[in-house]
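Shown next, in structure tokens, is the structure this report addresses.
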Amino acid sequence: MASRTFYVHDYDLAATLNSGQTFRWQPREGWWEGVVGTRWLRLRADSDLRTGGMAGRPSAILAETAGPVDDWGWLADYLQVGLDLADILRTFPDDPPMRLAVAACRGLRLLRQDPWECLASFILSSTKQIVQIQQIVALLCNKFGEQLIVPQNHRRVYCFPLPGRIAEADESELRTCKMGFRAPNLIASARMIADGTVDLDRLSALSVGEARDALIRLPGVGRKIADCVLLFAYGFQNAFPVDVWVMKALQRLYFPRRRVSLKRLHTFAATHFGPYAGYAQQYLFHYARVHAKLND
DNA sequence: GCCCAGGTGAAGC
DNA sequence: GCTTCACATGGG
């Protein structure tokens with residue numbers, strides 16, 4: 001077992017882990033338990049003991065693993081603890097909707113996830129609620145993933161299955177994980193990645209447009225899912241996924257008088273929200289989903 | 001029963 | 001170009 005404390009400002013761990021960008025974290029006994037790569041771990045937001053902490057705004061994240069760790073760079077990268085959130089918030093447009101969303105979601109962050117896990121999870125996400133995506137991903141990992149080191153007396157935990165493992169599975173096996181019509185898309189995409197037709201390792205060297213085109217070649221991956229992977233896994237900060245919630249938020253907050261097409265919303269997003277548009281998108285998504293009642 | 005869920009892709013105008 | 005529809009499955 002190993003542990004480490006990361007000191008952070010303005011980091012709402014619960015909102016971040018529970019904001020629909022990742023699907024494996026579960027609250028348990030005051031911690032968030034999850035898997036990053038091939039390591040089981042748990043995280044807890046704490047006061048910064050060096051300063052006594054700030055009331056109501058924990059400024060440290062405590063991490064514990066079950067196995068030994070000598071270099072914590074993988075977790076610092078995943079959590080993006082080195083990023084200065086204030087620098088990003090300053091680039092957001094100073095308009096009423098953005099001010100509402102930022103005020104409501106203070107400390108919300110974007111993670112830097114593994115591309116394959118992110119891609120596969122979002123292939124499974126279409127027309128599913130977040131709780132159901134979590135359930136499907138859990139079933140998939142339990143059935144196809146490799147077992148990980150966990151604390152004594154802890155239930156068994158498995159890593160996210162690699163593309164090669166999914167590629168050799170058959171559709172009926174995958175359907176037992178309750179993914180329905182998404183199963184053939186997941187298999188076909190896994191095969192294209194396993195056989196090198198699409199190389200996920202090369203995408204970070206491409207422009208955002210080229211990387212998006214590469215992802216959209218995969219079956220079950222359209223503009224929205226591609227943008228999720230570009231933003232959540234590759235860190236293309238200007239990727240702007242438009243799902244039903246973001247669509248509702250943009251329509252209601254910025255164009256209350258007229259109906260605007262999806263294409264025009266993309267054009268608006270690309271010009272209005274600045275270089276960190278993807279970050280702004282996550283604030284709008286979380287605000288719309290958790291805080292605002294945007295339904296008529 | 002009905003409607004919706006971090007959509008996509010094919011088919012219709 | 002744009003609109004409509006099927007696609008599994010579960011929750012409200």
Side-chain angles (χ1 to χ4, degrees), chain A residues 15-25 101 105 108-111 113 115 117-140 142-143 169-190 192 198 212-234 236 239-253 258-267 269 273 277-296:
Chain A
T16 299
L17 299 180
N18 206 22
S19 63
Q21 54 181 314
T22 182
F23 304 101
R24 296 204 66 189
W25 293 96
C105 312
L108 178 63
R109 303 285 191 128
L110 290 181
L111 301 166
Q113 301 179 54
E117 176 172 344
C118 184
L119 170 66
S121 298
F122 277 97
I123 287 174
L124 299 175
S125 77
S126 65
T127 59
K128 277 290 178 193
Q129 297 183 128
I130 288 173
V131 282
Q132 294 173 339
I133 303 166
Q134 292 169 334
Q135 183 191 19
I136 295 168
V137 168
L139 289 168
L140 183 72
N142 291 346
K143 190 170 176 68
D170 61 48
E171 192 178 316
S172 59
E173 276 186 293
L174 285 172
R175 280 183 188 258
T176 66
C177 302
K178 307 190 176 183
M179 63 183 72
F181 63 85
R182 303 157 195 83
N185 289 335
L186 184 64
I187 293 181
S189 290
M192 287 174 68
V198 171
R212 180 183 293 119
D213 290 343
L215 288 169
I216 287 179
R217 292 172 63 195
L218 298 164
V221 181
R223 174 69 191 259
K224 187 269 170 181
I225 289 174
D227 281 343
C228 285
V229 177
L230 293 171
L231 182 62
F232 301 146
Y234 290 98
F236 285 103
F240 194 98
V242 179
D243 75 314
V244 290
W245 288 101
V246 173
M247 175 115 63
K248 226 184 287 186
L250 291 176
Q251 179 72 64
R252 180 69 179 273
L253 297 171
R258 61 190 174 94
R259 208 183 109 71
V260 180
S261 72
L262 180 59
K263 188 167 186 178
R264 288 203 169 276
L265 288 180
H266 273 123
T267 307
F273 293 103
Y279 239 99
Q281 174 275 156
Q282 193 66 6
Y283 275 79
L284 291 171
F285 173 78
H286 200 252
Y287 174 68
R289 194 173 74 90
V290 177
H291 298 278
K293 291 282 166 266
L294 296 174
N295 302 310
D296 266 329

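In what follows, every chain begins at residue 1, and chains take the letters A, B, ... in the order their sequences are listed. Since this is a predicted model, take the numbers as computed values, not measurements.
The residue A:Ser19 sits close to a base: some heavy atom pair falls under 4.0 Å. Across all strands shown, A:Gln134 has no heavy atoms under 4.0 Å from either base or sugar-phosphate atoms. Among the heavy atoms of the strands lying under 4.0 Å from A:Phe232 is at least one base atom, whether or not backbone atoms are also near.
Listed by residue number, the members of residues 221-230 of chain A with any heavy atom below 4.0 angstrom from DNA chain B are A:Val221, A:Gly222, A:Arg223, A:Lys224, A:Ile225.
Between the CD atom in A:Gln113 and the CZ atom in A:Arg24 there is a gap of 11.5 Å [rounded to 0.5 Å].
Shortest non-hydrogen contact noted between A:Ala269 and A:Ala277 is O-CB, 4.2 Å.
Extent of DNA chain B lying under 4.0 Å from chain A heavy atoms, first and last nucleotide in 5' to 3' order, is B:dA5 to B:dG9.
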Give me the distances for all protein-to-nucleotides 9-12 of chain C N/O pairs that come in under 3.5 Å?
residue, atom, partner, partner atom, Å
C:dT9, O2, A:Lys128, NZ, 2.5
C:dG10, OP1, A:Lys178, NZ, 3.3
C:dG10, O4', A:Gln132, NE2, 3.1
C:dG10, N3, A:Gln132, NE2, 3.4

Side-chain donor/acceptor pairs under 3.5 Å, residues 217-226 of chain A, sequence neighbours excluded:
residue, atom, partner, partner atom, Å
A:Arg223, NE, A:Asp227, OD2, 2.8

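Looking at residues two or more places apart in sequence or on another chain, you find a side chain to side chain donor-acceptor pair (under 3.5 Å) between A:Ser172 and A:Asp170. By the side-chain contact (heavy atoms from CB on, under 4.5 Å) test, A:Ala214 is found to be paired with A:Leu203, residues two or more places apart in sequence or in another chain being considered. Not a single ring pair (Phe, Tyr, Trp, His ring centres under 6.0 Å) links A:Tyr279 to another residue, sequence neighbours left out. With sequence neighbours excluded, the residues satisfying side-chain contact (heavy atoms from CB on, under 4.5 Å) with A:Ile136 are A:Leu124, A:Lys128, A:Met179. Partners of A:Tyr234 by ring pair (Phe, Tyr, Trp, His ring centres under 6.0 Å), not counting sequence neighbours: none found. A:Val260 is linked by a side-chain contact (heavy atoms from CB on, under 4.5 Å) to A:Gln251, A:Phe255, A:Arg258, A:Arg264, A:Leu265, counting only residues two or more places apart in sequence or in another chain. Contacts of A:Gln282 classified as side chain to side chain donor-acceptor pair (under 3.5 Å), with partners at least two apart in sequence or in another chain: A:Ser19.
Atom name P, nucleotides B:dC4 and C:dA6: the rounded distance is 15 Å, in whole Å. Distance check on atom P: C:dA8 versus B:dA10 gives 15 Å, rounded to whole Å. B:dG6 and C:dG1 are spaced 30 Å apart, taking the P atom of each and rounding to whole Å. Rounded to the nearest Å, the gap between the P atom of B:dC3 and that of C:dT4 is 16 Å.
In this structure, A:Phe240 and A:Phe273 have parallel ring planes: the angle between them is below the 30° cut-off, well short of the 60° mark.
Nearest-nucleotide positions on DNA chain C for A:Ser261 and A:Ser126 put A:Ser261 closer to the 5' end. If you find the closest nucleotide of DNA chain B to A:Gln282 and to A:Leu218, the one lying nearer the 5' end belongs to A:Gln282.
When the C1' atom of C:dA8 is taken as reference, atom CD of A:Glu171 falls 11 Å away, rounded to whole Å. Rounded to whole Å, the distance from NE2 on A:His266 to P on C:dC2 is 13 Å. Following rounding to the nearest Å, A:Phe181 (CZ) and C:dA8 (C1') show an atom-to-atom distance of 6 Å. The nearest whole Å value for the distance from the CD1 atom in A:Ile136 to the C1' atom in C:dC7 is 13 Å.
Pairs engaging residues 171-190 of chain A under the salt bridge (charged side-chain N to carboxylate O under 4.0 Å, His left out) rule: A:Glu171-A:Arg175 [sequence neighbours left out].
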